Amino acid sequence: MRISRIAGAILILLFANITSAEAQDTWSLQRCVDYALQNNLTVKQQVIQKRLADLTLKQSQLGLLPNLNGNVGGNWSKGRSASPQTNTYIFTSFFSANGGLDVSADLFNWFSKINQVKANRFDAQANSFLLEKARNDLAFNVATAFLQILLNMEQVKVNEVQVTLTNSNLENTKKLVIAGSVPESNQADLEAQLAQDSTNLVTAKNDVILSTLQMKAYLNLGFDIPFTPEVPENIATINSTPLTEMAPEMVYSKATTSYPLLKADELRIASADKAFKSTRAQMYPKLTMGAGIGAQYADNSKLPVLGTPYYTVDTIGRVANSNVKVVDTTIHQNVLGQRRVSFRDQLDNTQQQYISLTLRVPIFNGWSARAATAKAKINVQSMELTRDLDNQKLKQDIYTAHANAVAALQKFNASTKGVSAAQKAYDFATKRFNLGLMNTIDYITTQSKLFRAQIDKVSAQYDYIFKMKLLEFYRDQKISL
């Protein structure tokens, strides 16, 4: 099979939507992408960042609600303490407890919390686009690694053909040397060439291993697990967008509407602007309302137990110029003992309630509020510069990719002609060498030129397809399968 046909067949696999009967034994590009999206560590890390942003948004939204807190405490005291009955200090030991419930809410805070919620919402949306970008970049990197594996495998095949060919020539030369038709130096030259070709083959096989390890890293697949790219038998012609339809300005115009990073940049600018307004509001007064209820309990709280009341009447005088007596009636009641005040009664007796309004006016806080506001404003400018830099880099990358695609196409066309010319030269050289009309050095040189031309054509073909798919990726943010 000719090298160009092998290369063309393998290239189609990169972008073909393939279903294989041996799905678990080989890896198609689609399977690689799907597996990577589920297991890649970078994507998982970006998922965590998105979850954190979502939680921050939820927390700021709930922060708009009033605060409700309960408290309970206990204390055992011994020594000089305030008596629960008389509120005077006595020497004793007792256990006391207290509890309460309070609620507070910001009535007006110059929209600081609302702007913070909006900032967090923009930030959460930005993280969604960053996650999309991470997934798109991963899909493209997997496709690139897949292409590299196939290219390296093809180069192994070319090197194997070269080793086989050189070895065949060597065996034939050995026979000619024995027959005395050619000098022994021809055999030595071919043995040296075989050694060089064998070294190239080892290098090509090692390149396959290295590119496979890179793919496994993207997949987060165990390095000890076999990985074989899927190569179908029947392959249709690849459908690629013509280079004439991939003008860089057109690709850039389309990319600005679909590139996730630019969308994330715009949302991060909006987030920074709302965060600036939220921070600036901290310099203005804040009105807060609070309310609460509380009660106390002490285990030594007691009340006297009184007996049956009785009365005494005492004459304390007479009305002037009259015999009418003035008497004093006194009610007496004996204290029979003491009883402990129940828990419920103490809660009723010690219950306290309050409602408060607090106006907090910032006057001087070490310039912290103004400094925070100034930093937030600078952060907005920083986010705008980041957007401009990302936009500039995208445009530069697209124009660079287009220039590389043009060069890759020209290189592929030139290498195709080069293979054809080298093949003709090699066919003539083989005939002359077999007739003894060409020395070994010249023959090996001709053979090496064909070998290098074949390698260059395969590499150029892969490189051109890759450059075109890169342009399509910038335009559509996806890899066509």
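Values in this document were obtained by computation on a predicted structure and should not be read as measured data.
- Side chain to side chain, N391 and Y252 meet the donor-acceptor criterion of an N or O pair below 3.5 Å.
- In summary, R387 and D390 do not engage in a salt bridge, as defined by a charged side-chain N under 4.0 Å from a carboxylate O.
- At most 12 non-hydrogen atoms from other residues, nucleotides or ligands lie less than 6.0 angstrom from CD of Q45.
- Between F466 and F140, the distance from one ring center to the other falls under 6.0 angstrom.
- With salt bridges taken as basic N to acidic carboxylate O contacts below 4.0 Å, none links D54 and K58.
- Annotation: the span from T256 atom OG1 to I398 atom CD1 amounts to 8.0 Å, rounded to 0.5 Å.
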Begin with the C-alpha distance, continue with both residues' side-chain angles, and end with the deciding distance and a verdict on side chain to side chain donor-acceptor pair (under 3.5 Å) for N152 and Q148.
CA-CA 6 Å; N152 292 338; Q148 190 63 49; 3.1 Å; yes
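- More than 12 heavy-atom neighbours from other residues, nucleotides or ligands sit within 6.0 angstrom of NZ on K113.
- Other residues, nucleotides and ligands contribute over 12 non-hydrogen atoms within 6.0 Å of the NZ atom of K467.
- Counting heavy atoms of neighbouring residues, nucleotides and ligands inside a 6.0 Å radius, atom CZ of R475 exceeds 12 of them.
- W27 and Y35 have their aromatic ring centers within a separation under 6.0 angstrom.
- A donor-acceptor pair shorter than 3.5 Å cannot be found between the side chains of Q59 and Q61.
- Residue Q38 places its CD atom among 12 or fewer non-hydrogen atoms of other residues, nucleotides or ligands, all under 6.0 Å distant.
- For the residue pair Q116/S60, the side-chain donor-acceptor check at 3.5 Å is not satisfied.
- In this structure F95 satisfies the ring-ring contact (aromatic ring centres under 6.0 Å, His included) test with no other residue, sequence neighbours excluded.
- Taking the six-membered ring for Trp and thresholds of 30 and 60 degrees, F227 and F146 have ring planes more than 60 degrees apart, a perpendicular arrangement.
- A cation-pi arrangement is not found for K216 relative to F223, the charged atom failing to lie both closer than 6.0 Å to the ring centre and inside a 45° cone about the ring normal.
- A donor atom on one side chain and an acceptor atom on the other are not found under 3.5 Å apart for T288 and T358.
- A side-chain donor-acceptor contact under 3.5 Å links N40 to the backbone of V43.
- Among residues two or more places apart in sequence or in another chain, the side chain to side chain donor-acceptor pair (under 3.5 Å) test is passed with T257 by none.
- Among the candidates V208, V202, T203, L201, the single residue satisfying the side-chain contact (heavy atoms from CB on, under 4.5 Å) test with K205 is L201.
- The number of heavy-atom neighbours closer than 6.0 Å to CD1 of I355, taken from other residues, nucleotides and ligands shown, is 12 or below.
- Salt-bridge annotation for K254 and D476: present, with a side-chain N of the basic residue lying under 4.0 Å from a carboxylate O of the acidic one.
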